[in-house]
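To start, the structure itself, in structure tokens.
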Amino acid sequence: LQKLIHLLQATDDPLIQEQALITLSNSAAFSVNQDIIRKLDGLSIIGGMLSDGIPKVKEQALNALNNLSMNIKNQEEIQVYITQVCRDVESAPLNSDLQLAGLRLLTNISVTSNYHHKMINSIPCFLHLLSEGTERTQIQVLKVLVNLSANPAMTRHLLRAQV
């Protein structure tokens with residue numbers, strides 16, 4: 001894991017970055033690896049890949065963060081990327097794998113109400129995706145909206161959203 005994280009930092013080759021992120025994502029399926037990746041500062045390194053202009057690299061970074069977000073301590077670090085992920089979901093091509101990867105991460109992050117306030121400005125986008133997206137996109141958006149609706153503090157924001 002340490003070598004993969006160092007590889008991400010050391011290379012500008014998008015194919016190598018993509019493969020390293022896929023491997024880190026797969027490794028994050030095991031809770032012990034989630035802690036190790038966090039302790040190796042992997043969350044911020046993977047999060048830094050969200051700024052990459054290559055959609056496949058960004059998509060794989062989102063997938064890795066999604067798997068890593070199953071851990072409360074990791075969520076505390078990943079939450080700093082929520083606003084950026086919301087922007088990426090809004091700007092990604094409709095129904096793209098990149099958009100779905102962002103929505104999956106937002107679904108996991110929104111299971112608890114700790115970071116709902118960071119998604120308020122994206123509610124109109126979520127509602128737009130619900131009406132315009134394919135079934136896969138709609139299902140993922142609905143998961144985010146259901147999580148947000150479980151929080152009474154979000155009711156006003158959900159009901160007043162301009163679509």
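Computed from a prediction, not measured in an experiment: that's the story for all the values here.
Remark: the backbone N or O of S113 is not paired with any side-chain donor or acceptor of H117 at under 3.5 angstrom. Proximity of a side-chain donor or acceptor of Q84 to a complementary backbone N or O of L50 within less than 3.5 Å is detected. Side chain of D52 to main chain of K58: no donor-acceptor pair is present (N/O by atom type, distance under 3.5 Å, no hydrogens or angles). The backbone N or O of T137 lies less than 3.5 Å from no partner atom in the side chain of Q99, so there is not a single donor-acceptor pair. N71 places no side-chain N or O within donor-acceptor distance of the main-chain N or O of Q34, the cut-off being under 3.5 Å. For the pair N67 (side chain) and A28 (backbone), a donor-acceptor distance under 3.5 Å is absent. Judged by distance alone, with hydrogens and angles left aside, the side-chain atoms of N95 form no donor-acceptor pair with the main-chain N or O of G133 at under 3.5 Å. Panel note: side chain Q17, backbone V57; no donor-acceptor pair is recorded below 3.5 Å. Listed for the T11 side chain is no donor-acceptor partner under 3.5 Å among the backbone atoms of L7. Under the 3.5 Å distance criterion, the side-chain polar atoms of S110 are matched with a main-chain donor or acceptor of L106.
Under a hydrophobic clustering in which Ile, Leu, Val, Met, Phe, Trp and Tyr are joined whenever their side-chain heavy atoms come within less than 4.5 Å, directly or via other members, I54 and L62 fall into the same cluster. Hydrophobic clustering (side-chain heavy atoms under 4.5 Å, transitive across Ile, Leu, Val, Met, Phe, Trp, Tyr) keeps M70 apart from V111. If you chain together hydrophobic residues whose side chains sit under 4.5 Å apart, V80 and L65 fall into the same group. Hydrophobic clustering, with ILVMFWY side chains joined whenever heavy atoms are under 4.5 angstrom apart, groups L4 together with L40. Residues L105 and V146 do not share a hydrophobic cluster, clusters being chains of Ile/Leu/Val/Met/Phe/Trp/Tyr side chains in contact below 4.5 Å.
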Checklist entry - Checking side chain to side chain contact (heavy atoms under 4.5 Å, CB included) for the pair E18/I22: CA distance, chi angles, key distance, verdict? => result CA-CA 6 Å; E18 184 181 350; I22 289 170; 4.2 Å; yes

Next on the checklist: Between T83 and M119, does the side chain to side chain contact (heavy atoms under 4.5 Å, CB included) criterion hold? Intermediate values first, please.
Outcome noted: CA-CA 7 Å; T83 305; M119 298 180 206; over 6 Å; no

Item to check | Derivation and outcome, side-chain hydrogen bond (donor to acceptor under 3.5 Å, both in side chains), residues S44 and E77 | outcome: CA-CA 8 Å; S44 65; E77 290 189 33; 6.0 Å; no

Checklist entry - Under the side chain to side chain contact (heavy atoms under 4.5 Å, CB included) criterion, do I82 and C86 qualify, and how do the steps go? => result CA-CA 6 Å; I82 292 174; C86 287; 4.2 Å; yes

Item to check | E59 and K56: CA distance, side-chain angles, deciding distance, salt bridge (Lys or Arg N to Asp or Glu O under 4.0 Å) verdict | outcome: CA-CA 5 Å; E59 176 190 338; K56 277 293 183 190; 3.3 Å; yes

Next on the checklist: Could you go through S149 and L158, starting from their C-alpha distance and side-chain angles, then the distance that decides it, and tell me whether this counts as side chain to side chain contact (heavy atoms under 4.5 Å, CB included)?
Outcome noted: CA-CA 7 Å; S149 70; L158 288 165; 3.9 Å; yes

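Side-chain contact check for N147 versus I109: every heavy-atom pair is 4.5 Å or farther apart. Within the 4.5 Å cutoff, the side chain of I78 has no heavy atoms near those of the R38 side chain. For the pair I123 and M154, the minimum side-chain heavy-atom distance is below 4.5 Å. Within the 4.5 Å cutoff, side-chain heavy atoms of L129 are placed close to those of L94.
Minimum interatomic distance between F126 and V144 (heavy atoms only, all atoms of both residues): CE1-CG1, 3.8 Å. Between A101 and N63, the shortest heavy-atom contact is CB-OD1, 3.4 Å. Taking each heavy atom of C125 and E90 in turn, the nearest pair found is SG-CG, 3.1 Å. Taking each heavy atom of A61 and L21 in turn, the nearest pair found is N-CD1, 3.8 Å. Nearest approach of P55 to G53, heavy atoms of both residues: CD-O, 3.2 Å.
N66 and R104 share no donor-acceptor pair across their side chains, judged by distance under 3.5 Å alone. Side-chain contact check for S25 and Q60: no donor-acceptor pair (N or O, by modelled atom type) lies under 3.5 Å.
Rounded to the nearest 0.5 Å, atoms CG (N74) and CD (Q79) are 12.0 Å apart. Note that the CD1 atom of I120 and the NE2 atom of H157 stand 3.5 Å from one another [nearest 0.5 Å]. The CG atom of L43 lies 5.5 Å from the CG atom of L68; values are rounded to the nearest 0.5 Å. The structure places CG of N33 at 5.0 Å from CG of L1, a figure rounded to the nearest 0.5 Å. Within the model, atoms CG of L148 and OG1 of T107 stand 9.0 Å from one another, a figure rounded to the nearest 0.5 Å. Annotation: the span from L100 atom CG to T134 atom OG1 amounts to 6.5 Å, rounded to 0.5 Å.
The number of heavy-atom neighbours closer than 6.0 Å to CG of N26, taken from other residues, nucleotides and ligands shown, is above 12. Within 6.0 Å of atom CD in Q2, 12 or fewer heavy atoms from other residues, nucleotides or ligands are found, so the atom counts as exposed in its surroundings.
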